[in-house]
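Below: one structure, written as structure tokens.
Chain identifiers are assigned alphabetically (A, B, ...) following the order of the sequence lines, protein sequences preceding nucleic acid strands; residue numbering begins at 1 within each chain.
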Amino acid sequence: MVNVILPDGSSLEYARRITPAEVAGDIGKRLAKATLAAEVDGRLVGCDETLPPDGEVRLRLITQKDPEALDLIRHSCAHVMARAVMRLFPGVQLAFGPTIENGFYYDFLTEQPISEEDFPRIEAEMRKIVQEDEPFERVVLPRDEAVALCRELGQELKVEHIEEALGDEATVSFYRQGEFVDLCRGPHIPSAGKVGVFKLLSVAGAYWKGDAARQQLQRLYGTAWFTQQELDEYLCKLEEARRRDHRVLGRQLELFMIDPAVGAGLVLWLPKGATVRRELEAFIYGELLRRGYQPVYTPAIGRVELYETSGHYPYYKESQFPPVDLAAYWGEGEKYLLRPMNCPHHIRIYQSKPRSYRDLPLRIAELGLVHRYEQSGELTGMTRVRGFTQDDAHIFCTEDQVADEFRGCLEMTQYVLKTLGLENYRVRLGFGDRSSDKYVGSPETWERAEAALARVCREMPGLPEPHVQVGEAAFYGPKADFVVDDCIGREWQLGTVQLDYNLPSRQRFGLEYIGADNRPHEPVMIHRAPFGSLERFVGMLIEHFAGAFPLWLAPEQVRVLVVSEKFEEYARQVERRLAETGLRVGADYRPEKVGAKIRDAQIERIPYMFIIGGREQETGAVAVRDRLEGDLGAMPVEAALAKLREEIEAKVVRQVAG
RNA sequence: GCUAGCGUAGCUCAACCGGCAGAGCGGCUGAUUUGUAAUCAGCAGGUUGUGGGUUCAAGUCCCUCCGCUAGCUCCA
């Protein structure tokens, strides 16, 4: 006897073994038809899985309306796609086919490459399978039989997976659909007819088990929805996202360029982009001084031995521009490295004289230009480049000061992001992976640093709950990263705070300070950068604002437009007045209609337009037009000026484009 | 770096099976003197990313390199 308890508290009793499908059938015909899967005592199962024979069972039937439903049809859709590919490309081996945000993918090992040109016939085959509406049938086999089955099916990757990863399992499950059998944990929806509408989106390479040393597979990405309308909306959203892409807007708004003639991944800041950057730099310098940092300037190149001492050079040899070898060129001389990091130079400043505990914490800051030879396939607009500027600083402090200093860094980063209206960020604690040998320093110092990091993050008011990611640490220490998404959902690290017990150590630079006890001690170092890199940060900012920067950052803050050339003389007086107060003002005296001038200014995302015609000239006024709200009516020049100055002063963020 | 795709005017994109390189926007010139998201007309603009090959003929087919896009891998 089993007692099935439903979410509304009601219950049904059965004397025989039953499945969720049968329970749904007993409740109602329509429900039975709509049921995609079930949650049994918190575990997601298929409709045809037998429930326990006795006792109490909490059962929730899952239909389209439930949050899990989309994931279910996408998972089943991945199987439908795999089945279609198996039919069209004989001999393919299946790897994995999970769901992801907004869709699914499936990895295949094939002799012949699959390209987007194949999508129509794959989709056609998928539609046929959906039409056939065969059930997804769960088959559970003992492990050795499962291995034998996969071998028989020619699915060597699955054999490998069962033997390597599922070695502890007594049984494994498969899902069968006619001729198609796939190793899969499930659950699946009852039959192929319920997968809804789908579309294949892209094909890409992916490594077996994420390991670049193993076979490269073909990964097909797709998406599935319940209705055509939902699918269309999703595709439309992708299209819109593309329009706020910083690479598109960067060109349109003339913010930056990347010129293959200069080099891949090397950013040229155009005057308008440079203006945005200058404002951000002024802002960050203000904060640095207010918070007790000491700005310095150091060269972008240094002796390679410095980076051997720090460990950067041997560790990242492959992803640095090779050293400039003077001996190879002149016959004698040293080797210089285009610096990939600023810390060694700042460390040398620390070491330039004996330091006392009274000097600590010492906070050395620099907008430091660094170069890294990133893999060609990684380069992306301003977000992943080969030359960039870190708003870097290194704090040298005593062990006792670590928590306070670390907190101060978090607070500054938080403040910077908040000022710019960036609120959609996550905090990632990158910890070391103890099983890896890529880190320097003892396990004890790592434990200590990670514990301090986690504690301070959790205590920090207003900070999102951090999530720990093991293996994401820098080689010299754990870190807290501020992470945001770009317009197409890719994750990027912006700000970072890193705790370092290693570069100061005797094995590295051997930093010291003289303590109150008149004996030498080893300081702790904190690396931190609230923006991270200015290139990446501005790239994200462009997307965040969809190019419509807040007034204080806007390259052109206000444009003076004349209704007719007749008013040019007065307009020029207004323009001069605005410029002399430091506003970035532009003007449009073309013999065009106002409509056209407004349209152009609007497209250029200029925050304010001051429109001047006969009425304004007579009264010493301007007609103010706001980028967001349109015509605000006429006001005296000085009043309009004051309004803008106030908005700039307060760094108002009026709109975060949605 | 790997897999797949792409590279035509400043930008966005056409050009059928290999057969005379084109449009819109932008630019320039002229006309128009305009009141809150596009006035009209004319003109200029190209070694089709690079180097090689196949062919009577290459933007189109093949190879090399460079660059770009998506994903994987990497990310101090």
Side-chain angles (χ1 to χ4, degrees), chain A residues 100 105 107 110 113-118 201-221 242 245 247-248 251-252 254 257-261 263-265 307 310-313 315-316 318-320 339-344 370 372-381 383-384 390 392 430 438 440 472-477 479 481 488 490 492-493 496 498 500 503 527 529 533 536 561-568 589-603 609 611-616 623-627 630-634:
Chain A
I100 49 176
Y105 66 78
D107 288 344
T110 69
I114 300 172
S115 88
E116 292 192 19
E117 281 177 26
D118 300 313
L201 296 177
S202 62
V203 54
Y207 299 105
W208 172 234
K209 302 224 167 176
D211 182 349
R214 300 215 209 190
Q215 303 97 306
Q216 183 150 40
L217 313 168
Q218 308 257 337
R219 175 172 295 180
L220 290 189
Y221 284 90
R242 173 89 190 122
D245 189 314
R247 292 164 297 189
V248 174
R251 182 184 303 122
Q252 251 169 36
E254 297 182 345
M257 63 185 272
I258 292 170
D259 182 2
Y307 298 91
S310 74
H312 290 106
Y313 182 66
Y315 191 84
Y316 291 105
E318 298 306 308
S319 45
Q320 291 171 5
R339 71 173 169 193
M341 284 292 275
N342 305 308
C343 21
V370 298
R372 300 176 185 175
Y373 193 80
E374 304 288 3
Q375 298 178 15
S376 60
E378 276 306 335
L379 302 175
T380 308
T383 43
R384 193 76 187 271
Q390 297 177 314
D392 210 357
K438 67 177 204 177
V440 297
E472 285 292 310
F475 73 90
Y476 49 72
K479 54 181 187 159
D481 292 331
I488 56 174
R490 284 179 296 211
W492 297 101
Q493 172 197 317
T496 184
Q498 312 183 356
D500 185 353
L503 292 185
H527 311 241
S533 114
R536 179 178 291 177
L561 312 181
V562 284
V563 165
S564 146
E565 283 175 73
K566 284 185 286 198
F567 313 112
E568 181 170 339
Y589 298 120
R590 291 176 303 169
E592 275 288 354
K593 292 181 157 183
V594 248
K597 297 183 188 182
I598 288 169
R599 181 170 187 272
D600 288 345
Q602 203 79 36
I603 287 169
M609 289 164 245
I611 298 170
I612 288 168
R615 295 196 293 271
E616 288 74 25
V624 177
R625 185 187 164 95
D626 179 282
R627 174 177 62 196
D631 191 359
L632 300 185

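- For the pair A/Tyr221 and A/Ser376, nearest-nucleotide mapping onto RNA chain B gives the more 5' position to A/Ser376.
- Between A/Lys597 and A/Met609 the shortest side-chain heavy-atom distance does not fall below 4.5 Å.
- Side-chain atoms of A/Val203 lie closest to B/A4 of the nucleotides B/A76, B/G35, B/A4.
- The residue among A/Gln602 and A/Cys343 whose nearest nucleotide of RNA chain B is located toward the 5' end is A/Gln602.
- Within the 4.0 angstrom heavy-atom criterion, base atoms lie near A/Gly614.
- When heavy atoms are screened at a 4.0 angstrom cut-off, A/Val563 is found touching base atoms of the nucleic acid.
- The side chain of A/Ala596 has B/A38 as its nearest neighbour among B/C74, B/A37, B/A38.
- Listed nucleotides: B/C72, B/A4, B/A70. Nearest to the side chain of A/Ala204: B/A70.
- Taking 3.5 Å as the limit, the base of B/A76 and the side chain of A/Ser319 contain a donor-acceptor pair of atoms between them.
- For A/Met341, the listed nucleotide lying nearest its side chain is B/A76; candidates were B/A70, B/A37, B/A76.
- Ranking B/G1, B/A70, B/U34 by closeness to the A/Gln375 side chain, first place goes to B/G1.
- Here A/Arg490 lies in heavy-atom contact (under 4.0 Å) with sugar-phosphate atoms only.
- Contact annotation for A/Arg615: base contact, defined as any heavy-atom pair under 4.0 Å involving a base atom.
- You'll find that the side chain of A/Pro591 is closest to B/U34, out of B/U36, B/U3, B/U34.
- Rounded to whole Å, the P atom of B/C43 lies 11 Å from the corresponding atom of B/A23.
- A/Glu374 pairs by the salt bridge (Lys or Arg N to Asp or Glu O under 4.0 Å) definition with A/Arg384, not counting sequence neighbours.
- Side chain A/Glu565 to base B/U33: a donor-acceptor pair is found below 3.5 Å.
- In this structure, A/Asp481 atom CG and B/A76 atom C1' are separated by 11 Å, rounded to whole Å.
- The nucleotide whose nearest atom lies closest to any side-chain atom of A/Lys593 is, among B/U39, B/A70, B/U36, B/U39.
- For B/G1, the base has no donor-acceptor partner in the side chain of A/Glu374 [N/O atoms by modelled type, under 3.5 angstrom].
- Nearest nucleotide to the A/Val594 side chain, out of B/A4, B/A70, B/G35: B/G35.
- Only the C1' atoms considered, B/U50 is 24 Å distant from B/U12, to the nearest whole Å.
- For the pair A/Ile114 CD1 and B/G71 P, the interatomic distance rounds to 18 Å; values are reported in whole Å.
- Between the base of B/G1 and the side chain of A/Tyr207 there is a donor-acceptor pair shorter than 3.5 Å.
- Within the nucleic acid shown, A/Leu201 has no heavy atom closer than 4.0 Å to any nucleic acid atom.
- Closest to the A/Lys566 side chain, of the nucleotides B/C72, B/G35, B/U34, is B/U34.
- Residue A/Arg219 is classed as a sugar-phosphate contact, given heavy-atom separations below 4.0 Å to backbone atoms only.
- To the nearest angstrom, P of B/A70 lies 18 Å from CG of A/Leu220.
- A/Arg384 comes within contact range of at least one nucleobase, with a heavy-atom separation under 4.0 Å.
- Residue A/Lys479 is classed as a sugar-phosphate contact, given heavy-atom separations below 4.0 Å to backbone atoms only.
- Which of B/A76, B/U69, B/G67 sits closest to the side chain of A/Arg247 comes down to B/U69.
- Side-chain contact between A/Arg372 and A/Pro340: present, with at least one pair of heavy atoms (C-beta onward) separated by less than 4.5 Å.
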